[in-house]
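Chain naming here is simple, since letters A, B, ... match the order of the sequence lines and numbering starts at 1 in each.
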Amino acid sequence: MASQQIDPGTKPIDLRPLPFEGTWGSASTIARMAAGDIVQKQLDAEGALEGLSKKEAKKLVNERVGAASQELAATLADHIRASGRFASVDAVNGYINIGYDADATTNRLVSEVMQQHDTYGHAAPDSRNTRVMIEHSQLNTHKAAHVGHLRNICLGVALTNISTAAGFTTMPVTYIGDIGRHVIKCLWCYSTFHAGEEPREGISRGRWLGEIYVEAGMRLNYRKDVVDFLNRLIKEDTSLGEGIDRVLKNLWNNDDPVDGEDIAYLLGKVTNVGEIVPDELTDADVMMPFFTLLGDYLRGAAIEAEQSEEENSAAADRYAEWTQLHDTIDWWKQVPAWIDAEKATFQLWENHDPDFYQLWETTRDWSMDELKAIFEEFGATFDVWFTESEVEDEGRAMVRELLDRGIAEISDGLPVVKIDEKLGLEQETYRTMPILRSDGSTLYSTKDLALARKKFENYDIDQSIWVVDVRQSLYFDQITRILELYGFDDHAANLHLGYEFVTLPSGIMSSRKGNAPLLEDVRDAMISRALDVVQEKNPTLALEEQEQVSRDIAIGAIKYAMLARDGNKVIVFDPDEALSFEGHAAPYIQYAHARACRLLERAGVSDADVLAALPETSFAGQIPAELSLLQQISIFPEMVQRAATEHRPLHLTNYVFELAKRFNDFYHEAPVLQEGIDPAVRQARLALVTATRITLRNGLSLLGIVAPEQM
RNA sequence: GCCCGCGUAGCUCAACGGAUAGAGCGUCUGUCUUCGGAACAGAAGGUUGGGGGUUCGAUUCCCUCCGCGGGUACCA
């Protein structure tokens, strides 16, 4: 079979790293690709395929193609070998494996790493000639950040670093939720119940506001929470029907006049396993005595369950939940008034009430201090801080313009864009998006439309990326399409980078109920755990350094956990597992780095020494562990590019883990400083260790993870 | 209903359309007169949810079914 039968026009000459270790080289699949065509043609010419079913024909081709590709690969290998340009050329399994000269290749690689040093793996700055704005870490004021927000911060920081390293001109920005329903709730609760108070000892004002926000939610949702509890009880507790009899009898005998109709209603719902709807009660006050008396039954059930020693804690849980709700049973009758008051507070904002504005500004600053501290700790820096409050008016103006231009219209009393209709789509795709509330107050969409326009108009960017929870993907599709109707016709200009949310082993988390682990708590727990380990492993280190190292390890562990999972996978955040310092996690990688540092320190050689000695350093006679390590170092620049273009830091978390693993393997297989080691080998290995250290550090750095020199 | 995502080892997750589907955890067995044991080596563990299709070749691309999660006009 002659090589000229191959049509180079249709078959790319692909080179890929060899899938096995022990050889410096690349592989090409060209023979396999070409063999398919050739065999097909041959069989056609022979007429061997005639009368065969498609499946049978395929089977025949398949049988022949293996041998044919090997034959072709061998022929091609002979040609390539004859050129004398490669250390080895082999045909294996129909692949052409090209081997390089280990000494020269290694020398070239190591000197590249040594010379570029902190920028090894990076493309030339701004070489992509593309300005990208990355919006991430959209935290809220007046509300505590929880672990779910961590994923966003970690992703945003890593993407920014990686994009910059890959040659993009990157502008990281954030967009702070400093106004909106949550702020109003918090401030209503603050001014009604906590005005003039100071936070308790050891709690920052920002954190205190977060607690007040949670309290506001509990107050405003109290009726709903009680009714939800009752409805769950009706469904889950099958003996409730009998138990409720006593409760209702007590209610009848009570001196308080209660509405018989309501009691009948409640009884009906319980016995028929129906759903209680608060509005169907004629006298809402009946709930308070009813709920109180219900406690007798639940307490009895809990005690009974305990005595029967069944492993059934449901009754106990229910009683505990009841106790919690009952503690504030007097809230029940106040809820409607609170809801009105909260709405009135919203009007204060809308009417630009000066006192309220003052309060808003003051409390906003408290939260901002908190946010700045978080950003600093997690290495997030921003070129621009956008806020929701600053785009409200621009948003309203843009809505007017959309209405004037006929893109938006009034439907059911509020401005909306009927996107599918405007785009002429038959099938329901982007639906209809409301862009302002009927009372004239702004929605997220109002503000995001104005902000998106502002980004392009004021910052001369080519692309705008939103790093936001994947649940917002329809929302951002809608925003993008409206912008398109408005005049931004570059499809790729706006990109929503979604990521799945973070849940607890016990279920979805919500900051409203305050049942999500707070970001600060998780961080503190991680740091304290890290400190314990550092003090155990490295007791001679100065306390100050132990603390610094513990922070680096704890933050690194959190970041790695958040990044080492593809964006479309839900992270089940198990604090115990995240606190584990073993295996596929940041400390393992940091440890490899610290080991390399220690080794070089003991050897007493500096990077400059290694670099200066390179021309006389021989890398001949490498053992497999060395080659494997070098191959991993060599693909770093390629991995950076890939992570950037695919927007997937995951590629780099995998990369640094693999690099650390190969280094540890090398460490065990290839002694450097031990007695009896040939000085030439020692010199080569020191160069290798240095290159590894640099690459590990650079890789971690792109992920936003610090690589301590000792730990 | 419609749209999007996910389904790979007991568990948590990898795998530019390429060679024998890989790691970590867990389980079992080993390696130390240690260049830092937060390490290393080995074993066991798989019909890649089911079924079709495209391809010389499919975990990867297409279709379909099943299961789970999310979204679906004045919530953020």
Side-chain angles (χ1 to χ4, degrees), chain A residues 14 16 18-20 27 29 32-40 58 61-66 68-69 92-95 97 140 177 180-182 411-418 427-439 441 443-446 469-475 477-478 498 500-501 503 508 512 533-534 536-538 553 564-572 574 577 580-585 587-588 590-592 594-595 597-603 638 642 646 650-651 653-654 657-658 661 664-665 667-675 677 682 685 689 710-711:
Chain A
D14 65 317
R16 65 192 69 207
L18 291 167
F20 42 80
T29 63
R32 291 193 79 89
M33 292 193 286
D37 286 358
I38 292 168
V39 167
Q40 187 82 38
K58 187 144 260 184
V61 171
N62 214 348
E63 278 167 2
R64 284 233 211 156
V65 88
S69 60
V92 183
N93 273 342
Y95 296 87
N97 295 341
N140 293 315
R181 218 61 200 219
H182 69 280
S411 168
D412 291 346
L414 69 154
V416 302
V417 179
K418 296 188 172 170
Q427 204 187 352
E428 177 179 278
T429 310
Y430 302 110
R431 301 163 179 268
T432 296
M433 175 174 241
I435 55 176
L436 197 65
R437 287 204 185 89
S438 50
D439 64 3
S441 60
L443 292 164
Y444 250 37
S445 56
T446 322
D469 188 330
V470 74
R471 280 177 287 193
Q472 259 67 254
S473 54
L474 173 60
Y475 171 81
D477 280 348
Q478 291 175 321
E500 279 287 352
F501 46 91
T503 69
I508 304 256
R512 179 175 74 74
V533 179
V534 170
E536 183 199 325
K537 303 282 182 186
N538 207 341
I553 292 173
R565 198 139 297 163
D566 221 341
N568 53 17
K569 292 264 172 42
V570 174
I571 293 180
V572 178
D574 183 342
E577 203 169 298
S580 160
F581 286 86
E582 285 170 4
H584 191 179
Y588 174 90
Q590 290 168 320
Y591 179 68
R595 253 183 167 178
C597 288
R598 179 74 178 132
L599 193 59
L600 293 165
E601 186 191 320
R602 282 182 62 106
E638 183 188 327
R642 200 174 148 202
E646 293 179 22
L650 166 72
H651 288 312
T653 60
N654 287 345
F657 176 64
E658 185 65 32
K661 214 160 48 150
N664 277 330
D665 184 24
Y667 185 86
H668 282 266
E669 295 289 322
V672 182
L673 300 181
Q674 283 173 6
E675 275 181 45
I677 299 298
R682 174 189 149 121
R685 287 181 178 168
V689 173
Q710 48 190 348
M711 56 193 279

When all nucleic acid strands are considered with a 4.0 Å heavy-atom cut-off, which category describes [X]: base, sugar-phosphate, or nothing?
| X | value |
| --- | --- |
| A/V39 | nothing |
| A/Q710 | base |
| A/V570 | sugar-phosphate |
| A/D469 | nothing |

Contacts of A/D566 and A/H668 projected onto RNA chain B by closest heavy atom; the upstream (5') one is A/D566
message: Assuming nearest nucleotide by heavy-atom distance, tell me which of A/P587 and A/F657 is located more 5' along RNA chain B.
response: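 Going by which nucleotide is closer to the 5' end, it is A/F657.
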Using atom [atom1] of each nucleotide, how far apart are [N] and [M] to the nearest Å?
| N | M | atom1 | result |
| --- | --- | --- | --- |
| B/G22 | B/G45 | C1' | 13 Å |
| B/G70 | B/A76 | C1' | 15 Å |
| B/C6 | B/U48 | C1' | 14 Å |
| B/C63 | B/C3 | P | 11 Å |
| B/G5 | B/A41 | C1' | 40 Å |
| B/C16 | B/G53 | C1' | 24 Å |
| B/U54 | B/C62 | P | 15 Å |

If I take atom [atom1] from residue [X] and atom [atom2] from residue [Y], how far apart are they, to the nearest 0.5 angstrom?
| X | Y | atom1 | atom2 | value |
| --- | --- | --- | --- | --- |
| A/S438 | A/D412 | OG | CG | 9.5 Å |
| A/Y591 | A/N664 | OH | CG | 7.5 Å |
| A/E500 | A/D566 | CD | CG | 11.0 Å |
| A/T446 | A/M433 | OG1 | CE | 9.0 Å |

If the cut-off is 4.0 Å, is [X] near the phosphate of [N], judged by side-chain N/O to OP1 or OP2?
| X | N | result |
| --- | --- | --- |
| A/N664 | B/C40 | yes |
| A/K569 | B/C6 | no |
| A/N654 | B/A23 | no |
| A/N568 | B/C6 | yes |
| A/R598 | B/G36 | yes |
| A/R16 | B/G18 | yes |
| A/K661 | B/C40 | no |

(Q) If the threshold is 4.0 Å, N to carboxylate O, is there a salt bridge linking A/D469 and A/R471? (A)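 Yes.
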Exercise. Answer yes or no as to whether B/G18 has its base stacked against A/Y95, where stacking requires a ring-centre separation under 5.5 angstrom and planes under 30 degrees apart.
Key: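 No, A/Y95 does not stack on the base of B/G18, since the centre distance and plane angle fail the 5.5 Å and 30° test.
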Separation of [X] atom [atom1] from [N] atom [atom2], in whole Å?
| X | N | atom1 | atom2 | value |
| --- | --- | --- | --- | --- |
| A/H584 | B/C11 | NE2 | C1' | 16 Å |
| A/E582 | B/A39 | CD | P | 6 Å |
| A/K537 | B/A39 | NZ | C1' | 10 Å |
| A/E536 | B/G36 | CD | C1' | 14 Å |
| A/E658 | B/G24 | CD | C1' | 12 Å |
| A/Y667 | B/A41 | OH | C1' | 16 Å |
| A/R32 | B/A58 | CZ | P | 11 Å |
| A/Q590 | B/A39 | CD | C1' | 16 Å |

Side chain of [X] only, heavy atoms from C-beta on: which candidate in [options] is closest?
| X | options | answer |
| --- | --- | --- |
| A/F581 | B/A15, B/A38, B/G36 | B/A38 |
| A/R595 | B/A19, B/C56, B/A39 | B/A39 |
| A/Q427 | B/A41, B/C2, B/A38 | B/C2 |
| A/R565 | B/A15, B/G18, B/U12 | B/U12 |
| A/A27 | B/G5, B/A19, B/A38 | B/A19 |

pair [X]-[Y]: side-chain heavy atoms closer than 4.5 Å:
| X | Y | answer |
| --- | --- | --- |
| A/H584 | A/T653 | no |
| A/Q710 | A/R598 | no |
| A/V672 | A/I677 | no |
| A/L443 | A/I435 | no |

Across all chains, not counting sequence neighbours, the side-chain hydrogen bond (donor to acceptor under 3.5 Å, both in side chains) partners of A/Y667 are none
Notebook entry, point to check: So, does A/N538 use its side chain to make a donor-acceptor pair with the main chain of A/M711 at under 3.5 Å?
Noted result: yes
Next item on the list: Please confirm whether the backbone N or O of A/Y444 pairs with a side-chain atom of A/Y475, one donor and one acceptor, at under 3.5 Å?
Entry: yes
Practice task
Report the stems of RNA chain B as range-with-range entries sorted by first number; a stem here is at least three consecutive pairs, Watson-Crick or G-U wobble, both distances under 3.5 Å, and write none if there are none.
Solution key: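 Consecutive-pair runs (3 or more) involving RNA chain B: B:1-7 with B:66-72, B:10-13 with B:22-25, B:27-31 with B:39-43, B:49-53 with B:61-65.
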Nucleotide by nucleotide, nucleotides 71-76 of chain B touches protein heavy atoms under 4.0 Å in the pattern (B base, S sugar-phosphate only, - none) SBBBSB
